[in-house]
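Working notes for the structure below.
So you know, we letter chains A, B, ... as the sequences are listed, proteins then strands, and number each from 1.
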Number of protein chains: 2
Amino acid sequence: MNEKFYQLPEEKQLRILNAGFRVFSKNSYRKSPMNEIAGEAGISKSLLFFYFRNKKELYLFLMKKAEELTSQTLRASGCYGETDLFEMMYQGLLAKTDMMRKYPDMSAFALRAYYEEDEEVRDDLRRIIAPYTKLSTNKTLPKLDPSLFKEGIDLNMMYQDIFLASEGYMYHMQQGGRIDVDKVVSDYRKLIDFWKSLYLK
Amino acid sequence: MNEKFYQLPEEKQLRILNAGFRVFSKNSYRKSPMNEIAGEAGISKSLLFFYFRNKKELYLFLMKKAEELTSQTLRASGCYGETDLFEMMYQGLLAKTDMMRKYPDMSAFALRAYYEEDEEVRDDLRRIIAPYTKLSTNKTLPKLDPSLFKEGIDLNMMYQDIFLASEGYMYHMQQGGRIDVDKVVSDYRKLIDFWKSLYLK
DNA sequence: ATAGTATTAACCGATTCGGTCAACGGAGGT
DNA sequence: ACCTCCGTTGACCGAATCGGTTAATACTAT
């Protein structure tokens with residue numbers, strides 16, 4: 001892509017990025033026209049083609065950006081340093097919501113790109129996603145200190161419970177256009193506290 | 001639509017329905033071509049236009065079919081007659097999985113149609129969805145007998161927990177192509193039993 | 001004015017779209 | 001063998017859309 005893109009005022013860069021995320025997240029790669037992205041970003045199609053040589057380049061650029069932003073945000077959130085399982089999940093969701101404020105459609109875009117099958121981009125796509133693919137084994141619970149939890153609790157089931165509910169939250173957030181992010185966060189915090197009182201000694 | 005459609009062997013009807021659900025669920029109404037649906041169903045585009053006068057008619061027919069099938073299946077599942085909250089949710093998920101076996105992409109289609117904004121179908125769509133819209137207040141908990149549950153449990157939070165986790169399950173099921181429906185059901189059953197041991201006296 | 005840069009309208013050839021229509025093929029009936 | 005009916009299709013149409021190019025415009029600093 002054209003280096004000039006980075007010299008743009010940040011607000012304009014953001015508009016273009018988000019327009020790309022938005023359009024590509026709603027339809028497949030092939031069914032997402034460049035002029036629609038340009039229109040959403042408030043620029044002309046020609047200018048979009050000036051910054052990105054072709055559609056494929058823009059698409060892959062967006063994917064790289066998404067991967068880079070998520071891993072960076074997640075690392076900076078401190079959720080990996082958390083020892084308390086519940087606080088760790090809370091920090092994780094906090095990080096995600098922060099990103100959703102700045103890039104509302106990025107996660108939807110990434111999710112869709114993950115399953116994109118179009119031969120024009122498939123291979124290069126897999127190459128970008130590859131490292132992230134193995135990491136998605138987070139359905140299995142991390143190591144926990146059983147002495148912290150009430151007796152008789154099936155920790156495996158507990159983790160499934162809170163993991164699925166958290167995913168249900170994320171699902172809610174992405175569904176149906178705009179939502180009150182702050183309310184979601186505070187609701188989730190309440191749920192976390194509920195779980196703590198339920199499971200912790 | 002053409003009455004001849006109903007005279008088709010059921011297997012062929014099913015193929016056409018599912019092809020429509022599939023294609024319309026992956027892209028917006030405008031970006032879902034008729035020839036793609038025909039190809040997916042294994043018939044020619046001409047024949048598809050023989051059964052359905054135009055794209056709009058097919059789309060609305062599918063929506064009506066989806067609404068009709070879900071409400072009917074849900075009613076027949078007996079989940080409304082259940083008094084036990086947990087068993088009620090289990091029956092509800094059972095009904096949904098049964099439908100997913102026969103119409104794998106119907107719920108994804110219905111979900112997407114719910115937010116479809118294309119002016120060509122928007123108004124007629126709303127008219128079909130309207131009754132179902134008010135009903136979606138199931139985020140608030142039904143009436144429960146507190147004496148059945150352990151003391152000190154915040155029933156409101158408990159319901160949010162299991163409701164969200166259930167949605168997380170449904171989310172899992174729809175995501176990422178084909179999955180083992182039977183495994184999902186048995187996993188969910190385990191989770192239900194876990195909740196019972198956790199919350200019930 | 002000038003030079004350089006950011007931005008666009010207009011255009012191009014190729015493809016796709018919704019929809020039509022004449023024709024094909026097979027299964028009786030005569 | 002011929003006819004007829006009917007499910008089905010390939011070929012076609014005009015319009016729209018697509019990715020991408022280019023020549024010209026608007027803007028800005030000198």
**Asked** Do the side chain of B/D105 and the main chain of B/A108 share a donor and acceptor less than 3.5 angstrom apart?
**Response** no
**Prompt:** Parallel under 30°, tilted from 30 to 60°, perpendicular over 60°: which one fits the rings of A/Y171 and B/Y171?
**Reply:** tilted
**Item:** Side chain of B/L47 (C-beta onward), nearest among C/dT7, D/dG20, D/dT9
**Value:** D/dT9
**Message:** Categorize A/K56 for me: base, sugar-phosphate, or nothing, with a 4.0 angstrom heavy-atom threshold over every strand shown.
**Reply:** nothing
**Rounded interatomic separation in angstrom, taking NZ from A/K55 and C1' from D/dT17** = 11 Å
**Prompt:** With nearest nucleotides of DNA chain D determined for B/G42 and A/N35 from heavy-atom distances, which residue corresponds to the more 5′ nucleotide?
**Reply:** B/G42
**B/E57 CD to C/dT20 P, straight-line distance once rounded to whole Å** = 11 Å
**Asked** Between B/Y51 and D/dG7, is there a side-chain N or O to OP1/OP2 distance below 4.0 Å?
**Response** no
**Prompt:** B/Y188 vs B/Y90 aromatic rings, parallel, tilted or perpendicular, using cut-offs 30° and 60°?
**Reply:** parallel
**Request:** Determine whether the side chains of B/Q13 and B/Y6 contain a donor N or O and an acceptor N or O closer than 3.5 Å.
**Result:** no
**Prompt:** What is the distance, rounded to the nearest whole Å, between atom CG of B/L48 and atom P of C/dT20?
**Reply:** 13 Å
**Request:** Could you check how far CG of B/N2 sits from P of D/dC6, rounded to whole Å?
**Result:** 12 Å
**Prompt:** Could you state the CZ-P distance from A/F49 to C/dC11, rounded to the nearest angstrom?
**Reply:** 19 Å
**Message:** Output the rounded distance in Å from CD1 (B/I37) to P (C/dT16).
**Reply:** 17 Å
**Item:** Presence of A/K4 side-chain N/O under 4.0 Å of C/dA6 phosphate oxygens OP1/OP2
**Value:** yes
**Prompt:** Starting at the 5' end of DNA chain C and moving along, which residue's nearest nucleotide shows up first, A/F50 or A/K31?
**Reply:** A/F50
**Message:** Please report the distance, rounded to the nearest Å, between CG in B/L58 and P in C/dC17.
**Reply:** 15 Å
**Message:** Would you say A/S44 places a side-chain N or O within less than 4.0 Å of OP1 or OP2 belonging to C/dT8?
**Reply:** yes
**Message:** Nearest to the A/K45 side chain among D/dT9, C/dT7, C/dC11, which nucleotide is it?
**Reply:** C/dC11
**Asked** Is a side-chain donor-acceptor pair under 3.5 Å present for A/Y159 with A/D154?
**Response** no
**Request:** Compare the minimum distances between each of C/dG18, D/dT21, D/dA11 and the side chain of A/S46, then state the nucleotide with the smallest one.
**Result:** D/dT21
**Message:** Output the rounded distance in Å from OH (B/Y29) to P (C/dC17).
**Reply:** 14 Å
